[in-house]
Amino acid sequence: MSSSVLLKIEGELVAGHRAFTWEDLEAMDERWQIQDVSRVDPKRSGGAVALAGILSVAKVDPTARYITLHSDRDNFHASVPLADVVDRGMLIYRQRKEPLPISAGGPIRFLIRDFAACHSSDIDECANVKYVERIEFSSEKGFDNRPLDDDAHEALHQKGID
Ligand SMILES: Nc1nc2c(c(=O)[nH]1)N[C@H]1C(S)=C(S)[C@@H](COP(=O)(O)O)O[C@H]1N2
Ligand SMILES: [Mo]
C-alpha cells in the first residue's frame with residue numbers, strides 16, 4: 001500500500017491538515033467513517049469518509065461558502081455551495097481493505113447523498129466527481145465545467161471518459 005498523498009486540500013480558508021494519504025483517511029475517527037456506501041447509492045460500493053470529517057481535520061474556516069472538487073486527471077471540475085453538501089458529501093476511498101480502483105472513480109470519488117438528476121440542480125449526479133485529487137474551499141464559486149445541458153452531457157459520455 002502506498003503512502004503517497006492522494007488528496008490535497010487547498011484555499012486560504014484552510015488552517016489544518018492539507019494532504020491526505022490513504023492511511024490518513026483510513027485512520028480518521030470512526031465517527032467519520034461510512035462503512036458501506038451501497039446503502040447511500042446502490043450503484044456504489046466500498047467505504048468512505050464524511051466530508052464533515054475532512055472539514056474538521058483540515059480546519060476549514062466557517063466563512064467558506066464553496067467547495068470545488070478537482071480532477072486534473074481528466075480535467076473535470078465541480079463547484080457547489082458548501083452548505084448543500086456539508087452533511088451529504090462523502091469521499092469513497094476504499095473497497096474492502098484496498099484503495100478504490102480507477103475503474104470505480106478512484107483513488108478518491110466524491111458522492112453526495114440524495115443527488116439530483118444531471119443538470120437539474122447544482123447538487124446533481126454530475127457533481128459526484130471521480131478521481132478527485134484536490135478539494136478547494138473558497139468564499140466565491142470556483143471553476144466548474146460540468147455539462148450544462150443534454151447535448152453537452154451526451155458529448156461528455158461519448159468521449160468515453162465518463
Ligand atoms: N472526473 C470525472 N468525474 C465525473 C465525470 C467525468 O467525466 N469525470 N462525469 C460526471 C457525470 S456527468 C456523471 S452523470 C457521473 C456519472 O457517474 P458514473 O459514470 O459512475 O455513473 O460522474 C460524474 N463525475
Ligand atoms: Mo451527469
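Indexing begins at 1, ligand by ligand and atom by atom, following the structure's order. Everything numeric in this text was worked out from a predicted model, so none of it was measured. Along the sequence shown, residues carry numbers from 1.
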For Tyr131, atoms of ligand 1 separated by under 4.0 Å from a heavy atom: 1 (N)

Region of Arg44 engaging ligand 1 - heavy atom pairs below 4.0 Å: side chain

Only one of Arg134, Lys8, Lys130 forms a salt bridge (Lys or Arg N to Asp or Glu O under 4.0 Å) with Asp72, so which one is it? Arg134

Close-contact set for ligand 1 against Val129 heavy atoms, below 4.0 Å: 3 (N), 24 (N)

Within the 3.5 Å criterion, strictly below it, is a donor on Gln35 or Arg94 matched to an acceptor on the partner's side chain? yes

Side chain, backbone, both or neither: the part of Asn128 lying under 4.0 Å from ligand 1 by heavy atom: backbone

Asp74-ligand 1 polar pair, N/O distance under 3.5 Å: yes

Looking at ligand 1, would Cys118 count as a contact under a 4.0 Å heavy-atom criterion? yes

On the 0 to 90° scale, with breaks at 30° and 60°, tag the His157-His153 ring pair as parallel, tilted or perpendicular. tilted

Under 4.0 Å between heavy atoms, the region of His70 that gets near ligand 1 turns out to be neither

Contact region, Ser71 to ligand 1, non-hydrogen atoms below 4.0 Å, reads side chain

Quick one: do the His70 and Glu136 side chains pair a donor with an acceptor below 3.5 Å? yes

What donor-acceptor contacts under 3.5 angstrom involve side-chain atoms of residues 114-123, with partners at least two apart or in another chain?
| from | atom 1 | to | atom 2 | distance (Å) |
| --- | --- | --- | --- | --- |
| His119 | NE2 | Asp150 | OD1 | 3.0 |
| Ser120 | OG | Ala117 | N | 3.4 |
| Ser120 | OG | Ala117 | O | 2.7 |
| Ser121 | OG | Ile123 | N | 2.8 |
| Asp122 | OD1 | Arg146 | NH2 | 3.2 |

Quick check on Ile102: does its CD1 atom have over 12 non-hydrogen neighbours (other residues, nucleotides or ligands) under 6.0 Å away? yes

Could you tell me whether Lys130 and ligand 1 have an N or O pair separated by under 3.5 Å? yes

Is the number of heavy atoms from other residues, nucleotides or ligands under 6.0 Å of Glu140 CD greater than 12? no

So is Arg146 close enough to ligand 1, meaning a heavy atom under 4.0 angstrom away? no

